[in-house]
Structure formats: structure tokens, C-alpha cells
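Read through the structure below, which is laid out as C-alpha cells, and then see the notes.
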Amino acid sequence: MDKTFNATASEAAISTRWQETGAFRAGANKSRDETFCVMIPPPNVTGSLHMGHAFNNTLQDILVRWHRMRGFDTLWQPGQDHAGIATQMVVERKLAAEGQPGRRELGREAFLEKVWEWKKESGGTIIEQLKRLGASCDWERNAFTMSGAPGAPEGEEGNFHDAVIKVFVDLYNKGLIYRGKRLVNWDPHFETAISDLEVENLEVEGHMWHFKYPLAGGATYEYVEKDEDGNVVLRETRDYISIATTRPETMLGDGAVAVHPDDERYAPIVGKLCEIPVGPKEHRRLIPIITDEYPDPDFGSGAVKITGAHDFNDYAVAKRGNIPCYRLMDTNGAMRADGAAYSEEAAKAAAIRDGREASEAKIDAINLVPEAYRGMDRFEARKAVVADITAEGLAVMTLSDDPRLGKRPKKKDAEEEVATPVPLVEAKTIMQPFGDRSKVVIEPMLTDQWFVKADVLAEEAIAAVEDGRTKILPERDARVYFNWMRNIEPWCISRQLWWGHRIPVWYGPTKDSHEKEGVAGSVHFCAANEADVIEQAKAYYGDDVEVSFLTDGVGGQMSGMGSTSQADGTLKITSVSLSRDPDVLDTWFSSGLWPIGTLGWPEDTSEMQRFFPTSTLVTGFDIIFFWVARMMMMQLAVTGQAPFDTVYVHALVRDEKGRKMSKSIGNVIDPLNLIDKYGADAVRFTMAAMAAMGRDLKLSEKRVEGYRNFGTKLWNASRFAEMNGAVGGTAEVPTATATVNKWIIGETARLREAHDDALAQYRFNDAAVALYTHIWNVFCDWYVEFTKPLLAEGAPEREETQKVMAWALDQCLVMAHPVMPFITEQLWGDLGERAKMLVHADWPEFGAEVADPAADAEMSWVISLIEGIRSLRSEMGLSPSAKLTLALTGASEEAKARLERNRVLIERLARLEPVEFADSAPEGSVTLPIEGAEACLPLKGLVDVAAESARLKKASAKLEKEIGGLTSKLSNEKFLAKAPEDVVAEQRERLETAKDELAKLQQAAARVASLG
RNA sequence: GGGCGGUUAGCUCAGUUGGUAGAGCAACUCGUUUACACCGAGUGGGUCGGGGGUUCGAGUCCCUCACCGCCCACCA
């Protein structure tokens, strides 16, 4: 074999061999009926491998390889997510960068073609990167959440789209999906609704303006403000109500002003009307002052403007109080260019409600948005509104030293320090919603959207985790899951995008709409295909009505209807044309079907039968809500079965300072660079070693380097084995006579148990540590060193040791393979003729029964003797190369036997002349207490008496402290009475040992003293 | 405002049902013994954030305080 491991070359070659031999195919290496199926969290098709992927997929791969080697019928299902917004954004940018026509110019169909083209060119990046990491997915089954969608090109067949549509229709038919006009989070950049989860609330610096809303007709009232004790602090006559707002541009859409019912300040004017102080005076709207529990009397002025169409709180108030909601903005967040005249009907209703005659409803002629603001961006409009109100003198004024204004720079001019009246504009940090992708401020917007009754679906999803059908680990993440599920809101699933699964709903006019004038009503039909739509439409309109479909473009054309007059003078419908909903589904709606969608549902495929429900889902906590919760809800709703046996939730990879890796901070570590530099195995081992359950991991390159070194160590140990003919181990546990060989067999068995226990409980770090210490500290540091003399030409133990070492090394390769697949596969091939590749090697099953406790005890004895001598030698400053003489005094038969059996090893590793036995310590000896004997090194003249005395003193002090502690504990009657017997016995034993050692040390000290 | 997590050796972190603390890296000393300097041998270093409690016994359980971090949340 080569002198060093060439990771780059080796990884590529091995990866190819795995692929070519179908090593990762579902069921490969199957030797039992149990299945093990893992669904990859599908990366975005736009994605490239980042640390989160590397971590997530390393953990999955460890589990998958481990199970595959153990003979499970294993499937790791790979694939990608079409990622609606992200992908559409990427392609739009690309078109713009290339100077090509944009999305709208292209039109829907042509644009989608561009997206598919892009997917073909760039969509496979991450798959290749995952392969470099060593991910053993069944790549031939690679899935895509848009496969089989209309317009999908060759090579993108599949039934994922059918599954998505079928689920939509089924849930619709069950009444679990509905259309509604609700306030949703609107992203003005992408011009689409988004779900609550796609909004991130951030603190930003903002302002709160205070404006006067004049009372209608110049009415006045006595405004009285009291302090906590009821003393009047302010009494004045006002002809206005003061409103505090952070969003003046929405004033134009106010439907009311609300005050708390118990707020005495405003009691005199509740029920009266006030005027929105924006726009041309002759066109200003009057709105009622109402009461609602929502306003907090202690905040702002205690009076809140209610803008139902642009604020979630206000929307709730508006619903309660039957207050009209006026949508002020276009989909891009600009003030409505059409001014948005609201209907006469609405105006009349409002007038009547406000206690006026319908004829007084002059507002029917008025537009919501005055000419001056139309088309203005909402933030520009804010400035304009503030400026206009202030110019008109309707801003609430305060003195310039009002603490609410915050700290202001000191003015130089002494005269200006006198408090002067200024508009009250408080500087505040406010929480503002941003689109997680677009990074623009989200606008609550009143629109028609499709919703899933998530609260209904959540019931089963909660129950499935409660009753243990699905186990979420660590447990605290189950609590997070429950908490969210139990407070779930309706899920808005429609998106005003093009890239995605189009909503299978068609609209048409109501059948009586030809009898009415004006705006036609609308009905809709939900079906998986046009044939079914036609059937439904005929059932509604009549069998002889001709049903046709309008072709899209951008979408949104009016559906239409044809009719003929009948003899009796009524009209008969002869034809209708239906138009399909232009919107697509939230990406998470389709990825929520990932488990069954990839297994071929709704067909009853063999994969569905074999692998569903799946085994373990490994995912980051950041997508518990987005993805895990949705998969639970949807799979349960569709199949009645919980999709996973276990959900293992892991933490995030952060940089060495604990910060989230982000492009803007510039602290992103590219896993591919690390793989180039240190090899995939090193990166993987690092991930596993740091994967303590539930904790964030801070990644440092140093750590990766360390585990690269670990791989090198394994490589070199293998070279040693090869050079000594210790290759081609048997699968069976070999028999051994030499203690050291018996011992390594036991150690290997302990590794197997520790490793498997750890992995069974998802303690990846414990598994990694077990491998590390066994291979480095046990196998390399001790076993290899011990066996050097045994492997010498002509040594009687040579043959046995070769066999045992070959076996023990093989076991290391096998057990390290899930974590470090490449280097172990390379070594496996280099070290012998193998029937199978390591990826399919048999996982060991031996346990403690192959260990020899006597051999273990003996080797511990040998090791502590050697360590004692080495330590002493080093502390005494003795030359490392000088051979020392050693005599054992007072040796028990056991100790003598142990020494004889391991004489060569001990003498070699401790660099000793042949060890002798003696009745008493030779003159001038330094002694070392060991079990069953004292090791005496005659060091007269060689040793620094002072240093040795100090050493012994220190060792004695340590022992004395221990003895003190143990003694007081053992004389404590409560301890003796209440502690379990084995604990007491153990403490007693410890005390005896400590006393024994101390006595020996004291003798040694006396002898050393006599040396000086 | 709610909820969760963290605080253990200089640094990064383990510590599974309570039985007197571990690893890696870093530091220091020594080392050209035929697998490996991406190495070997050895050494130093911790009142387990503060305080209180339960217990024979607490890093580990309970209460409390402090600081750091994350998630969720509608105070205009």
C-alpha cells in the first residue's frame, strides 16, 4: 500500500466504485427483513453544499451505512426541493443579468421553460457535492418535488406532481382546504403572500408620530387626564383626538378610532365621528370612535386608529366591530395607483352604521388615496403624509425637552436651549416583519388566498407524538413541536408565483349571474384534471352546457358565459369558459408530502409497502415547523400513518465564535474547501464528534485537522500491520494464547458495544470518541507497540499475533466505516483479498463473551507498570535511552507470573534490562508500588534526591487526602446505613488500596532520604 | 412579554439513571527505538457562573440570582 493516503484521488475512485456496483441501492446487502429508511431533507435545487448540509447528511449517512452493514433492508431516499420563491428569484436574476426578457415579458409558459432549463444545467450541483461527502443515498432514485408537473421536460417524469394535486383535491373535498379573504403576510418584492413562518420579525429604529384627528363638525369635549392617585394633571378643551402611529401612510385606510371602554378620557366622545386628517379637505373621511378591549390606555395616547386591511391587530378589532377594511396598496407595496374608489354600497352601509342618512354618504365619490399619493411607494407616502399633516398644524406638539423625544444633540446657541414647541415624534425601536427571502418589509394585506385548516390536521399530528407512534429526540424538541402545533394558525398555501404546483381550481360565473347586472359572482371547481372539472361544471350548469377553458397568459382573465333567450323570455346558458387559478402552492405543501411522494404514492408501490412508514428522520431544528410538522400533518391526513418512527433533531453549525454562518458576516466555512484540504472523512469525523445531542456545534478548522491526523494514524497502523504480515483477517473471532492478544480481542468487543450503544441512542459523539480512543490509544499506542517483539521473525507468538492483529484491525475498519467511509474502504481493499467491499461488510456481533477478564486485568497491570516507570524516568530527568535495571520485590506469585508472561513487552516499552526478582529492595533504590509487588529501580547516583523526595511527597499528599476523605465517609454512620452496599464496599476497597500504596510510598521515601 | 438552552482546565467541548471531574487543541519538558513528526513519552492546569436547599453523598435533582445565546409573540 501507499505510504500516505491520497484522499482526493482515493475518494473519487471509491465513490465511482460504489456507484458502479450499486452499493447504495435500496436493499443492497440485505440479509434480514427489517427495513431502515431515511428520507433526506431535500436541499433546495438552487442550493450548494453548506455546513448545515454537511452535518445533517453526515449523521444520516452514519446511520444508513451502519444499518446497511448490519443487513437491514436499507433505503436512503435522496432528492431536491423545487423551492418556489428561491428558484424563481434565481432565474429572474439570471435573466436580468444576461439582459434577457424578464418573467412578465416572457409570459408564464416561456418563463417556466427557462426555469426547467436552468434546473437541468445547474440543479445537479448539490448532488455531486453530497456524493463527495460520501452520502450513500440510492442516487438512482433521486427525486424532485416538481417531477411530473405539466411542462416538465424529458427526464423529469415522475408522479410527485400527481401526488400533490391529489392531496390538494382530497383535502379540499374533506373541507380541510378552503378559500378565504383574510389578512395575510404580503411580500411586496416577490408580490406574493407568504406564510407566518417565512416572516422574520426584526427590531428596527422607527418613529411614532402623534397626530390630531379633528372631531366632526368642530365638536369639542373636556379632556381630563389623571395621575395614578386620581389627581387631575391636565384639563383642557379639545376639538380633536390624539392618535399615535408608527405607520402614518396607512391612515388613509383607517376605518375607526378605538379606545378602551374604561378609558374615561375619551368617554365623552365615544360614538362620535372624527376626521382622518390627510388629503384634500373637502374629501376627508369621517370615521367613528369606538370602544374595544384592544387599546392599552397607558400606551401612546390610548387611542388607536383601526386600519383593518394593513394590520393584524386592527383586523381583529375591525372584525369584532364590523369596521370596514380598506386596502390601500397595490401588490408592489405602492399606494394604489387607481386611488381605489370604494363602493357606494359600502359607503352607505358605513353612513347608516354611523348614524347618518344614507343620502349623506358623500364619500361614495371619494377615492381612498388622494391623487398626490397615488403610485407612491409606501415609505415615500409615509414621509409625504407626515409632512402634509405637520404643515397643516395637525401634529401634536410638545416642548423640545419632552423626554419622549429622546436624547437630542445639544444646541450651541444658548437661546435655543429654551424649550420650544416641536412636533411629538418619538424615536422607538419597533418590531418589524421582514420577508425571510426578500428582506423587504412585509405588508399585511387583505387578499383572497387558499388556506389549510391546520388546527384540524394538527390534532392527529399531536396525538401521534403523544402516544409514541413518532418519537422526537431530543425530548425538548418534542415540546417545541407540541407548543407550536397546539397554537397553530390557518396555513396560507397559495403563492402568487409561477414556479410551483398550480392550484387545481377553476373559476366560472355563477349560473344566475347572467340575470344580474354588474359584477358577476364566481363559483369554482376543484379537481385533479380538466375532465373532472368539466364533469363538475356540467353538474352545476347543466349537461348540455358547453364547457371550455381559457388559456392562461399571466392569468386572471375573466371567465365568461354564453346564453340564448328562451321562449319564455328567460335566458338559457349554452356555454361557459372557466379560468384556472393562477396561483401555485407553497413549496412546503409539496415537500410536506416528501415521504410518500418519493415512494410512489398514490400508487401502491412496493416501496410504499416496504419502506413506509419510514424509520428515522434526521433534521435541523430550524425546520421543525416548516417541514417536520407539515409532514406529520399531511402524511397522517393522507395515509393515516405517522411517517417516521423517530425524528432526530440536531442543532446548527456555527462558526468558532458561536455565530450563525452567514454570507453577510463572511464567516461561512465551505465544507468543500475543507474536504479538498483534509478529506471527506476528516470533515465527517469532525461532524460526528461534535454532534452532542441538541447542542450547537462551533466548527474550527483545527478540529478538522486533528481528525485528519486520526485518519493518518489509522493509515500508518495499517501499514505496520501489512509490513508485519498481519493482513487478511478472518471474520470469526480468532483464538489466542498470548495475554496481549486475548486483551485486544476483549478491547475490540468493548468498542463494538460502546459504539453500537451510542449510535442506537443517536449519541454520535460518543460513537466517534469510542472509535478514536480505541484506535489511537488502545490499538496504536499499546497493542501495536506490545506486538512488535511478538511479530519478530521467529518469535513463537508471531503467527497468532498476525492473525489477531489482522482481525482486530479489520474490526477497526468495519466499525470506523460509517464515520470514515473512504479511508476505511481504501484500507480494506489494500489489506487483503476481500469477498465484498467494506461498504457491505458484515457488522460484528460479538460482545463481552469474547473478552478474558484475567487478560484484561493483567494488561492493566502491565500498562500501569510501564507508565509508572516512564513517568518516574521522565520526572527524574533520566536519559530516555538509558536502559534501567529493575527488580521486583515482595512479588506475589501472580505478579511474578504476570511479569514472566509479558517480560519482553515490558522490558521493551519501559526500556529495561532483564527484570529480576529480589527479596528486598536493592540499596539505593527508588520504588514504585504496583499491585502485588514493588518495582525497585537502583538509581543511586543517578537520581536527584531532592526531586524524588518531592515527587514522593506529592504522591503521598494526594493519597493522604483521598484516605482522609474515604475515612470520614466510611465512619459516617448515615453513609453506612443509607448508601447501597456495593458503593460502600467499593469505598472500603479504595481505602485499603490507598493505605497500602501510602505505606509503600513512605518506605520509599525513607530509602530515598538515606540516599542523600 | 412568554418559552428554551448555555455558563466545567488557557480555548472548544464531553460528562447516559446523583457515588469526590474527562477529551481534543494550546502550553511546558524530553525524544532521530525499523507504522506514523499529520509522531512518541511525560508534565502542569478546574472552589464544575454566584447563593440557598434536598441527600449519607450534587457538575448531575429543586429554588433563586447574574450574565450570554436562541426561538416564539399583535402593544398602535
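So you know, we letter chains A, B, ... as the sequences are listed, proteins then strands, and number each from 1.
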Presence of salt bridge, A/Lys428 and A/Glu205, under 4.0 angstrom
no
Proximity of A/Tyr678 and A/Tyr707 rings by center, below 6.0 Å:
no
So does A/Glu986 pair up with A/Arg990, basic N to acidic O under 4.0 Å?
yes
Applying the Watson-Crick and G-U wobble criteria at under 3.5 Å, what pairs with B/G69? Answer none if nothing qualifies.
B/C4
Applying a 3.5 Å limit to both distances, which nucleotide forms a Watson-Crick or G-U wobble pair with B/C39?
B/G31
My understanding is that a pair needs two contacts under 3.5 Å, Watson-Crick or G-U wobble. By that rule, which nucleotide pairs with B/A76?
none
Contact list please: residues 970-978 of chain A against RNA chain B, heavy atoms, distance less than 4.0 Å, in numerical order.
A/Asn972, A/Lys974, A/Phe975, A/Lys978
Side chain of A/Ala979, heavy atoms from C-beta onward: which of B/A73, B/A76, B/G19 has the nearest atom to it?
B/G19
Rounded distance in Å - CG (A/Leu197) to C1' (B/C71):
12 Å
Could you tell me how the ring of A/His650 sits relative to the ring of A/Phe55: parallel (under 30°), tilted (30 to 60°) or perpendicular (over 60°)?
perpendicular
Along nucleotides 35-45 of chain B, 5' to 3', which nucleotides get a B, which get an S, and which get a -, given that the test is a protein heavy-atom distance under 4.0 Å?
BB-BSSSSSS-
Let's see if you can work this out: which of B/A26, B/A14, B/G19 has an atom nearest to the side-chain heavy atoms of A/Asn765?
B/A14
Between A/Glu907 and A/Lys883, does any side-chain N to carboxylate O distance fall below 4.0 Å?
no
Aromatic centroids of A/Phe764 and A/Phe685 separated by under 6.0 Å
no
cation_pi(A/Arg486, A/Phe482) dist<6.0 Å, angle<=45:
yes
Could you let me know what B/A23 is paired to, Watson-Crick or G-U wobble, both distances under 3.5 Å, or none if it's on its own?
B/U12
Over how many whole Å does the gap from A/Arg247 atom CZ to B/C74 atom C1' extend?
13 Å
So that I can tick it off, tell me whether A/Arg247 and A/Glu443 are bridged by a salt bridge, with the cut-off set at under 4.0 angstrom between side-chain N and carboxylate O.
yes
Atom OH of A/Tyr707 and atom C1' of B/U12 are separated, to the nearest Å, by 10 Å
Would you give the length of the straight line joining atom CH2 of A/Trp627 to atom CG of A/Leu197, rounded to the nearest 0.5 angstrom?
15.0 Å
Examine B/U20: is either OP1 or OP2 under 4.0 Å from a nitrogen or oxygen in the side chain of A/Arg990? Give yes or no.
yes
Proximal nucleotide (of B/C4, B/A76, B/U20) relative to the A/Leu966 side chain
B/U20
